[in-house]
J.: 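Take this structure, written in structure tokens, and hold onto it; I'll ask about it next.
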Amino acid sequence: MKKIIFHIDMNSYFASVEQQANPFLRGKPIVVGGKEGSRSVIVAASIEAKKFGIKTAMPTFEAKKLCPNLIFLEPDGSKYMQTTKMFLKIFNQFSDKVEVFSIDEAFLDMTGWCKNWQSARDKANKIKFEIKQQIGERITCSIGIATNKLLAKLASDMQKPNGLVVINEKNKIQVLDSIKLDDFCGIGRRILQRLENIGVESVKKLRQYPVEKLVREFGPFYGQKLKDMSNGHDDSVVISAEQEAEVKSISRAYTLPYDTFDKQEILQVLLHLCEKCGRELRHKKLAGRTLQFFWRFSDFTHSGFRVTLDSYINDSLELYKRGLEILSRYRLPSAVRLIGIRVSNLAPNSRQIPLFQADRQRFELVPYLDQINDRYGELTVKPAHLLKLSRLRKKIGGFRQGSDDFS
Amino acid sequence: MFNKIDEPIEVICAFLKNKSLPLYFRWGNRRYKIDKVNLVHSVRRGRDKLYFYSVSNKSNYFKLCFDTEKNCWTLNESYSE
Ligand SMILES: [Mg+2]
């Protein structure tokens with residue numbers, strides 16, 4: 001299903017909040033931050049001040065030169081934080097998935113909350129109205145609507161202040177070809193320079209540039225990402241605050257009741273740990289890109305390997321395969337007592353459909369396997385490898401969750 | 001012209017269904033009528049919760065503060081042209 005994503009950006013935020021609080025500042029060039037005439041910098045400028053060419057991060061004395069009547073205000077952090085809380089509360093009435101992107105920006109996943117582009121526009125206007133009603137008439141925002149976060153963010157940038165822009169299939173390419181490469185969130189000065197070095201100076205050129213060459217220049221992950229940007233593709237998910245507050249990594253470790261050199265046994269434990277880790281990732285709708293396999297020896301020294309993959313994974317067998325690769329190449333210097341896996345570099349699971357048929361079948365099966373396991377207990381349905389493990393498990397105590405021994 | 005003030009004031013306040021609106025306040029021996037509450041925000045300081053009311057009338061802006069722990073009002077700021 002096509003998604004509907006809103007990106008909402010409050011206009012000249014801190015300055016607008018000040019103008020909301022004090023009506024005598026409205027219509028005047030004001031700036032927040034910095035003492036008048038000092039070497040400190042501007043934190044925020046009102047719409048009126050921006051007309052004089054005053055920008056965020058500009059030194060105060062320079063701003064004063066551009067606009068001698070400029071009014072300077074001390075930043076009042078709690079005022080802005082509170083106002084942010086107020087507009088987030090409003091956003092949460094419109095969607096269950098609200099991602100706070102910064103103090104004055106948020107993404108809303110509106111999929112399922114609006115039937116079509118028109119109803120999306122109506123919702124956006126309703127949000128603007130509620131902000132005016134509940135917070136104040138001077139607080140305006142620019143709302144960008146599109147099928148993904150990348151385009152929604154571009155759309156909100158296109159009309160300021162008080163904008164409402166929809167990017168859909170009809171105008172997508174036209175919009176993409178009219179922007180500069182560094183208008184994309186994620187293309188900074190250094191990437192821009194590297195793109196220019198290979199002759200890619202526009203979004204259009206980036207779209208026509210062979211993906212293999214991009215991969216060679218920027219690596220498989222970022223190379224593909226650049227290509228996706230040029231086509232307006234983005235499958236990143238709107239992460240709500242609750243999801244974000246969750247753990248930054250997921251790990252499982254197990255201490256054997258005895259020391260062992262037996263790789264077969266170690267691998268069986270590893271498979272079980274991968275299964276547990278994978279299940280937790282899937283349960284939390286996350287996938288990870290950095291895997292860490294670690295083990296502790298009988299003498300309490302420890303060792304491990306860390307890999308960062310090109311793509312995010314959360315399939316237990318996939319995790320296990322990586323561990324197997326590493327362990328089979330590794331010669332154990334002494335007997336192993338503890339085995340562990342940690343998955344970090346987490347992102348919401350976007351559930352990209354695998355390209356290959358066999359993978360696809362497994363991919364589609366995984367949620368069902370988890371359901372059965374959830375209902376009938378851990379490891380009711382398990383890979384054949386694991387069968388022997390239940391015997392091992394009976395012999396020894398329970399599995400320990402996580403591990404504090406390694407970090 | 002901004003003025004930083006930190007002085008106790010007496011306030012007449014209306015308590016409506018879901019908000020409270022200061023209507024008048026006395027500062028020194030002058031009485032001020034409030035025409036508009038422009039922004040309300042709060043800050044927690046330990047157990048204490050402070051409510052700030054940014055209000056205005058035809059010629060002045062004021063920032064009032066209600067301290068829920070001490071149960072008293074202060075005038076924090078004023079601005080007039
Ligand atoms: Mg903004």
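Chain letters run A, B, ... following the sequence lines, proteins first, then strands; residues in each count from 1.
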J.: Would you mind reporting whether A:Met86 and B:Val40 have side-chain heavy atoms less than 4.5 Å apart?
T.: no

J.: Around atom NZ of B:Lys36, are there more than 12 heavy atoms from other residues, nucleotides or ligands closer than 6.0 Å?
T.: yes

J.: Inspect the surroundings of CZ in A:Phe94 and state if more than 12 heavy atoms from other residues, nucleotides or ligands are less than 6.0 Å away.
T.: yes

J.: Given side chains that start at C-beta, do those of B:Ser42 and A:Gln82 come closer than 4.5 Å, heavy atoms only?
T.: yes

J.: Kindly indicate whether the side chain of A:Leu25, heavy atoms from C-beta on, has any atom under 4.5 Å from the side chain of B:Tyr79.
T.: yes

J.: Considering only heavy atoms, which portion of B:Asn57 lies under 4.5 Å from any heavy atom of chain A: side chain, backbone, both, or neither?
T.: backbone

J.: For A:Lys28, does the NZ atom have more than 12 heavy-atom neighbours from other residues, nucleotides or ligands under 6.0 Å away?
T.: yes

J.: For residues B:Ser54 and A:Asn22, determine if any side-chain heavy atom of one lies less than 4.5 Å from a side-chain heavy atom of the other.
T.: no

J.: Minimum heavy-atom separation for A:Phe24 to B:Ser56, with atom names?
T.: CE1-CB, 4.4 Å

J.: Using atom types as modelled and distance alone, determine if a side-chain donor or acceptor of A:Gln20 lies under 3.5 Å from a backbone N or O of B:Leu39.
T.: no

J.: Counting heavy-atom pairs under 4.5 Å with chain B, which one of A:Glu137, A:Lys79, A:Arg138 comes out on top?
T.: A:Lys79

J.: If you count the non-hydrogen atoms of other residues, nucleotides and ligands that lie under 6.0 Å from CD in B:Glu10, is the total more than 12?
T.: no

J.: Report yes if some heavy atom in the side chain of B:His41 is under 4.5 Å from a heavy atom in the side chain of A:Ile135; otherwise report no.
T.: no

J.: Could you tell me which portion of B:Phe2 (side chain, backbone, both or neither) has an atom closer than 4.5 angstrom to a non-hydrogen atom of chain A?
T.: side chain

J.: I'd like to know whether CZ of A:Phe129 has more than 12 heavy-atom contacts from other residues, nucleotides or ligands below 6.0 angstrom.
T.: no

J.: If you count every heavy atom of other residues, nucleotides or ligands that lies below 6.0 Å from A:Lys85 atom NZ, does the total exceed 12?
T.: no

J.: Tell me, side chain or backbone of A:Ile139 under 4.5 Å from chain B's heavy atoms, or both, or neither?
T.: neither

J.: Of all heavy-atom pairs between B:Asn38 and A:Ala21, which one has the smallest distance, and what is that distance?
T.: ND2-O, 3.2 Å

